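Here the structure is laid out as structure tokens; the discussion comes afterwards.
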Protein chains: 2
Amino acid sequence: MSQNIYDNQKFFDGYKKLRDNPFSANILEEKPALFSLAPDLKDKAVLDLGCGYGENCEEFLRLGAKRVAGVDISEKMLDIAKIENPGVEFINADMSDLSFVKDKYDVVFSSLAVHYVENFSLFVEQIFNILTPGGYFIFSQESPLTTAPIDGAKWVKDENGNVSHYRLTDYSRSGKRSTSWIVDGVVKYHRTFSDIINALCDAGFVIEKALEPIPTQETINRDPKWEKDLHKPNFLLIKAKKYYIHKENLDMF
Amino acid sequence: MSQNIYDNQKFFDGYKKLRDNPFSANILEEKPALFSLAPDLKDKAVLDLGCGYGENCEEFLRLGAKRVAGVDISEKMLDIAKIENPGVEFINADMSDLSFVKDKYDVVFSSLAVHYVENFSLFVEQIFNILTPGGYFIFSQESPLTTAPIDGAKWVKDENGNVSHYRLTDYSRSGKRSTSWIVDGVVKYHRTFSDIINALCDAGFVIEKALEPIPTQETINRDPKWEKDLHKPNFLLIKAKKYYIHKENLDMF
């Protein structure tokens, strides 16, 4: 069972303010990268895991999807999502156990939510089973370099107050992280790049592309503080495919 | 053309001393991880890129390979390799352009050498073409977290002289790095995790497994300084497969 931090009123209010900022890393880096990985969605059935306010769900419909369902653990967020996106089916559930999903989907998206899932191997196995053959799992998460430090992600500044470097610790210590983000005690799970790759491969997925987006030069020119993302990216995105033939049987051909 | 630093006498002597140390990261972390990724080598043709003294080549023969060839840019290293490993064919050439390789191989290994290759995309395309269908490309390299900082990999210590954290910078700035390792001016190329994954995928490879080895508890108990590798691993290893059917045609089945 994942933590339902988004139904905490203080977190909810703080998060809403953050998401309303048009110059957030989410808007400038993560969202363009996520949509750049999307296949043609025309007439596809799409599932969005950790959909929050459902704004990506709405976009999937606009891109031609014939059916879009969004799953989120937070009732508060889905209350808003339902009002704002009437064409989408919203399901209030914990995405860390997908056994409640009975339909098949052509594309499963998940934006900045898989770092809340404890058992990533089970999670990707369940997604593999939900997907139709030829289907895609496309997700974004906090960079493993961000989730690594047990005492939280920290930048070190030089004597002039400029960012000198990112303080990397505990990268190889996979597991639970309790961090302060808007409120104290937000529970996330750190996984290394190889943990993530191996879970996807073991579930039968073929990795097609990985992205670690950086700010555009325009963004850096507008506000030089974005340059620090060139030291340590904020996000990791992966596009993985379920082929018609299972990998195990590929050598038969 | 890659730099031929290994034929520099000072580098050569320093490197030899380093490799003779039974408690090096190469012996304790990289080598066991590399061999754990090896498929059954019985009756296989094996190519080792950046083979150095050829000790891995000899081991591939012991594991049943019917034919082993080793490629290295350093004549000095191959002079020793030829004496120590008479059953192996050694080729003195720059692995950054493999157009000289006319034979096909079932498995291509490369241990701690690909970070010297400037054009990784061309390199993995050439390896894909050298491999027989069903073949594997298995390589180790310095961790992208090690190659990232433009002014070199550095640990920061606390007031008691204990390692506090790894100083991560420039991760998203892929490209040339001139570092000091044994001698000054050793040229390497930094690539992000996603650069590496995408080059392999674009060449047609299916990634099967990734490893970022850590020291064993026994190693840490013998010398607690190894614990810092849990903050930042030394190596990245990847096992990639060339399937019988090219990925592009998989959807036809």
Side-chain angles (χ1 to χ4, degrees), chain A residues 33 133-134 143-145 148-151 154-156 163-174 192-198 200-202 205-215 227-241 243-245 247 249-253, chain B residues 33 133-134 143-145 148-151 154-156 163-174 192-198 200-202 205-215 227-241 243-245 247 249-253:
Chain A
S143 167
L145 306 173
I150 288 174
D151 55 1
K154 286 182 192 123
W155 294 94
V156 177
V163 165
S164 144
H165 63 270
Y166 179 73
R167 194 181 174 285
L168 182 65
T169 61
D170 310 303
Y171 173 80
S172 296
R173 293 184 173 101
S174 301
T192 65
F193 286 94
S194 41
D195 289 340
I196 295 162
I197 290 169
N198 294 337
L200 289 164
C201 294
D202 291 350
F205 280 109
V206 174
I207 293 169
E208 300 274 298
K209 201 174 180 77
L211 293 176
E212 294 168 281
I214 55 172
E227 200 155 7
K228 75 179 189 340
D229 292 7
L230 299 177
H231 289 321
K232 195 269 308 158
N234 289 308
F235 307 112
L236 170 67
L237 297 95
I238 292 184
K239 177 179 190 174
K241 183 161 183 173
Y243 276 99
Y244 285 86
I245 316 166
K247 273 199 304 179
N249 301 321
L250 276 177
D251 283 342
M252 293 164 51
F253 292 85
Chain B
S143 167
L145 307 173
I150 288 173
D151 55 1
K154 286 183 192 120
W155 294 95
V156 177
V163 165
S164 144
H165 64 270
Y166 178 73
R167 194 181 174 286
L168 182 65
T169 61
D170 310 303
Y171 174 79
S172 297
R173 293 184 173 101
S174 301
T192 64
F193 285 94
S194 40
D195 289 340
I196 296 163
I197 290 169
N198 294 337
L200 290 164
C201 294
D202 291 349
F205 280 109
V206 174
I207 293 168
E208 300 273 297
K209 202 173 179 78
L211 293 176
E212 296 169 280
I214 55 173
E227 199 154 7
K228 76 178 190 338
D229 293 7
L230 299 176
H231 289 320
K232 195 271 304 161
N234 289 308
F235 307 112
L236 169 68
L237 297 95
I238 291 184
K239 178 179 189 173
K241 184 161 182 174
Y243 276 100
Y244 286 86
I245 316 166
K247 273 198 305 180
N249 301 321
L250 276 176
D251 283 342
M252 292 164 50
F253 292 85

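Nothing here was measured: the structure is a model prediction, and the numbers come from that model. Note: hydrogens, waters and symmetry copies are ignored here, and every other heavy atom, side chains too, is used. Just so we're on the same page: letters track the sequence lines, and every chain starts at 1.
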### Query
Between A/Asn198, A/Leu237, A/Ile150, A/Val156, which has the largest tally of heavy atom pairs under 4.5 Å with chain B?
A/Asn198
### Query
If you measure from OG on B/Ser194 to CZ on A/Phe235, what distance do you get to the nearest 0.5 Å?
14.0 Å
### Query
Just wondering, do B/Thr169 and A/His231 contact through their side chains at under 4.5 Å, heavy atoms?
yes
## Note on the structure
Tightest non-hydrogen contact, residues A/Ser164 and B/Arg167, listed as OG-NH2, 4.0 Å
### Task
Give the intermediate values and the outcome of side-chain contact (heavy atoms from CB on, under 4.5 Å) for residues A/Ile197 and B/Ile197.
CA-CA 10 Å; A/Ile197 290 169; B/Ile197 290 169; 3.5 Å; yes
#### Entry: Interatomic spacing from CG in A/Asn234 to OG in B/Ser172 - rounded to 0.5 Å
9.0 Å
### Task
Specify which of A/Arg173, A/Lys232, A/Lys209 makes the most heavy-atom pairs with chain B at under 4.5 Å.
A/Arg173
### Query
Considering only heavy atoms, which portion of A/Ile214 lies under 4.5 Å from any heavy atom of chain B: side chain, backbone, both, or neither?
side chain
#### Entry: chain B contact via A/Leu145 - side chain, backbone, both or neither, heavy atoms under 4.5 Å
side chain
### Greatest number of heavy atom pairs closer than 4.5 Å to chain A - which of B/Thr192, B/Leu168, B/Val163
B/Leu168
